[in-house]
Amino acid sequence: EPFFTTKKEGEGTGLGLATVYGIVKHHDGMIHGYSEVGKGTIFKVYMPISERSAVSVGDKVVGKASGGSETILIAEDEEMILNLAARMLRDAGYTVLTASDGVEALHLFEQHADEIDLALLDVVMPRLGGRDVQKRIREKDPHVRFLFASGYSANAIHTNFVLGEDMQLIQKPYQREALLRKVREVLDAP
């Protein structure tokens with residue numbers, strides 16, 4: 001059961017396997033798991049073979065993603081993912097403020113409200129989730145842009161977190177170019 005966790009509330013989600021499950025299912029793959037006490041666990045991931053030739057994909061390759069100088073607030077409860085995203089964005093020229101949950105994100109917003117251009121919010125966080133953080137920030141400043149992050153596919157998110165037409169979602173784990181491109185897309189949108 002990939003969505004089962006033994007972690008206590010406030011100690012992270014412990015849903016790494018659920019993240020892998022979401023990524024594999026998003027690509028029409030399968031996972032088989034086998035576990036034996038005292039011997040360990042094996043996961044076999046099966047992905048479909050592409051029927052397209054490399055030439056047909058060539059025109060979809062885009063140039064290097066650009067950075068910027070805006071200020072981005074990141075709220076993410078998984079420390080490794082938070083640090084990775086912050087480093088990628090800082091290396092691209094952005095000023096980054098980091099929060100380990102939604103409540104901390106709101107405190108940072110109150111301290112830096114006139115500086116923040118975009119909030120990159122994890123959908124599911126302890127104490128206060130991304131959607132609730134967005135609602136509270138929008139009450140104070142309707143001009144802040146938002147990008148939501150999740151380890152689940154967009155299809156899985158729709159069941160518990162309805163994405164509105166104006167809402168953007170990026171899948172975790174982040175690929176540097178995909179993150180920079182999506183951040184730039186959200187910041188540059190009319």
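The first residue of the sequence shown is numbered 1, and numbering continues consecutively from there. Not measured: the values here are computed from a predicted model. We use all heavy atoms of the structure for the numbers below, so side chains are in, but hydrogens, waters and symmetry mates are not.
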- Message: To check you understand the geometry: which heavy-atom pair defines the closest contact between V123 and F148, and what is its length?
- Response: CG2-CB, 4.0 Å
- Should Y21 and M30 be regarded as members of a common hydrophobic cluster, given that ILVMFWY residues are connected when their side-chain heavy atoms come within less than 4.5 Å of each other, either directly or indirectly? no
- Electrostatic pair K172:D122 at N-O distance under 4.0 angstrom: yes
- Query: When you look at CD of E79, are more than 12 heavy atoms from neighbouring residues, nucleotides or ligands closer to it than 6.0 Å?
  - Reply: no
- Task: Provide the closest heavy-atom pair for A85 versus Y174 in the form atom of the first, atom of the second, distance.
- Result: CB-CE1, 3.7 Å
- Item | Lys/Arg-Asp/Glu bridge criterion (N-O < 4.0 Å) met for K140, E110 | yes
- Common cluster, M47/I31, ILVMFWY with side-chain heavy-atom separation under 4.5 Å: yes
- Note on the structure: All heavy atoms of A113 vs all of D141, minimum pair found to be O-OD2, 4.1 Å
- On a heavy-atom basis, the closest approach of L120 and I170 is CD1-CG2, 4.3 Å
- Message: If we ignore hydrogens and angles and just use 3.5 Å, is the side chain of R90 paired with the main-chain N or O of V96 as donor and acceptor?
- Response: yes
- Please answer whether the main-chain N or O of V186 pairs with a side-chain N or O of R145 as donor and acceptor at a distance below 3.5 Å. yes
- Okay, side chain of E78, backbone of M80: is any donor-acceptor separation there less than 3.5 Å? no
- Item | Exam field: side chain D117 to backbone T71, donor-acceptor pair closer than 3.5 Å | yes
- Item | Residues K182 and E185 bridged, charged N to O under 4.0 Å | yes
